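See structure below.
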Amino acid sequence: MAALYDFDTAIDRRGTWCIQWDGVADRFGVDGLLPFTISDMDFATAPEVLAALRDRLDHGVFGYTTWQQDDFRSAVAHWYATRYGTEIDTGQLVYGPSVLNQLSQLLQMWTAEGDGVVVHTPTYDGFRKAVTGLGRELRGVPVGDEEALVRELARPDAKVLVLCSPHNPTGRVWTGAELTRMAELAERYGVAVVSDEIHADFVHKGDVHVPWTQVAGEGRWALISSGSKAFNFPALTGSYGLIGDPADRAEFLRRMETAEGLASPAVLSLTAHIAAYREGGPWLDAVRAYVAGNLAYVAERLATGLPELGWEPPQAGYLAWIDLRAAGVDDAELQRVLVERERVAIMGGAVYGAPGFVRLNVGCPRAKVERGVEALIRAVGAAKSSPSGV
């Protein structure tokens, strides 16, 4: 019986203005590389989403739009109820063009210049740019280091904990107990929490995502997310959030609608979200299973090609976070070999504050994954034998 969805056939994305393929030279200095970089997938979005978009396009009128309507709100509530067994208060919903835009607004609401913003390390580079770009101080604590977390949250000028749940780039899924402990600490020290849960829908079998709404206490908090990561439509823009405090929620909406001039969202984003959350579950389950197979392949190939790494797949996502420190290679030399000899683009860990790692995007057909892993194995071998290696 033929598979319901085809993830093996490559779709040519070149010439479509996409950052991963057409913008590779901006980061790596060379055009024409095979990219495994920015976190979007090479797959077309769910057929149900495409059908809804076509229907909306056929209507032909694209005037000013509101997200504050039941079709959107009930779709989000349906998704949380069916995927996470969580009943959300749709009255807490807000909307923004992206999760990073929401983060920026919340940081401006809850911090002042020079205040400390706590994040887990390694850190998604978008967080670093948002925090430092606003003149706040980024304070990193290693994933899993509770002592460091307590120390940083207890500092008098620590104002916000930015939580990536699940964690990017490591793919770590926080347990309910860990999240409850973070909520307790944040409340104890008067630190607000912004939980970015855009990777939540890509948690793999055996692990369970716990939305922040299930552990949030009396302190300030916001959950920010989007269907764009799981269903691969970030170019449509659009994200939503849940903000606990009514006054904070009102201030957020005021900023978006007046100060930012973003009262009318992109109608195709609303259309895509509603279709994805109402009808896209089977497609998401299928693509997640396919990606899990890609990650299993990476683990199998690295076990033979670079056994000293002992690499295992992440708990969530389609980003293989690979610790190469046991291989003893110089980061700059490895990147030189990857780009000049292998002609592939793979994100170096230094981007996330973790030299010695790479982040390999496997949200793509298996044949492309195979090319990327083989290139990485060859490049590590070449970098180890290079005179400039370590």
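Along the sequence shown, the residues carry numbers beginning at 1. The analysis underlying the following values was restricted to heavy atoms, covering all of them including side chains, and did not include hydrogens, waters or symmetry mates. Note that the coordinates shown come from a computational prediction; the quantities given were computed from them, not determined experimentally.
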May I ask you to decide if [Y]'s main-chain N or O and [X]'s side chain share a donor-acceptor pair within less than 3.5 Å?
X      : Y      : value
His204 : Gly317 : yes
His167 : Pro122 : yes
Gln92  : Leu242 : no
Thr258 : Met256 : no
Asp331 : Gly356 : yes
Ser239 : Gly96  : yes
Thr86  : Tyr84  : yes
Arg254 : Arg249 : no
Asn361 : Ile38  : yes

Is there a donor in the side chain of [X] and an acceptor in the side chain of [Y], or the other way round, less than 3.5 Å apart?
X      : Y      : value
Gln108 : Ser104 : yes
Ser269 : Tyr95  : yes
Arg56  : Thr271 : no
Tyr290 : Asp8   : yes

Counting neighbours of [atom1] on [X] that are heavy atoms of other residues, nucleotides or ligands and sit closer than 6.0 Å, is the number greater than 12?
X      : atom1 : value
Glu260 : CD    : yes
Arg371 : CZ    : no
Glu308 : CD    : yes
Ile19  : CD1   : no
Arg343 : CZ    : yes
Glu87  : CD    : no

Are [Y] and [X] connected in a single hydrophobic cluster, I mean Ile/Leu/Val/Met/Phe/Trp/Tyr linked by side-chain heavy atoms less than 4.5 Å apart?
X      : Y      : result
Met347 : Met41  : no
Leu179 : Val193 : yes
Leu57  : Ile274 : yes
Trp212 : Val119 : yes
Leu236 : Phe62  : yes

Determine, stepwise, if the pair Val194 / Trp110 fulfils side chain to side chain contact (heavy atoms under 4.5 Å, CB included).
CA-CA 10 Å; Val194 180; Trp110 293 344; 3.8 Å; yes

Tell me, with the steps shown, if Ser195 and Trp174 meet side chain to side chain contact (heavy atoms under 4.5 Å, CB included).
CA-CA 12 Å; Ser195 182; Trp174 305 103; over 6 Å; no

Using the ring centroid of each side chain, check whether His78 and Tyr277 are separated by less than 6.0 Å.
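Ring centroids of His78 and Tyr277 are no less than 6.0 Å from each other.
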
Would the Phe231 and His273 ring centres measure less than 6.0 Å apart?
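No.
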
If you compare all heavy atoms of Phe28 against all heavy atoms of Ala345, which two are closest, and at what distance to 0.1 Å?
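Result for this residue pair: CE1-CB, 3.6 Å.
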
Taking all atoms of both residues into account, what is the closest heavy-atom pair of Arg359 and Ile346, and its distance?
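Heavy atoms only, the tightest pair is O-CG2, 3.6 Å.
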
Should the pair [X]-[Y] be classified as a salt bridge under the 4.0 Å nitrogen-to-oxygen rule?
X      : Y      : result
Arg13  : Asp40  : yes
Arg155 : Glu152 : yes
Glu370 : Arg366 : no
Arg181 : Glu178 : no
Glu197 : Arg83  : no
Asp157 : Arg139 : yes
Asp285 : Arg288 : yes

Worked verdict on Leu106 versus Ile224 for side chain to side chain contact (heavy atoms under 4.5 Å, CB included)
CA-CA 10 Å; Leu106 292 163; Ile224 56 178; 4.1 Å; yes

Between Trp321 and Phe357, how do the two ring planes meet: parallel, tilted or perpendicular, split at 30° and 60°?
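Trp321 and Phe357: parallel rings.
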
Should Arg255 and Glu251 be marked as a salt bridge (charged side-chain N to carboxylate O under 4.0 Å, His left out) after you check the CA-CA gap, both sets of side-chain angles, and the distance that decides it?
CA-CA 6 Å; Arg255 286 171 172 266; Glu251 172 61 11; 3.0 Å; yes

Assess whether ring pair (Phe, Tyr, Trp, His ring centres under 6.0 Å) is satisfied between Tyr240 and Trp67, documenting all intermediate values.
CA-CA 10 Å; Tyr240 59 88; Trp67 64 269; 9.7 Å; no

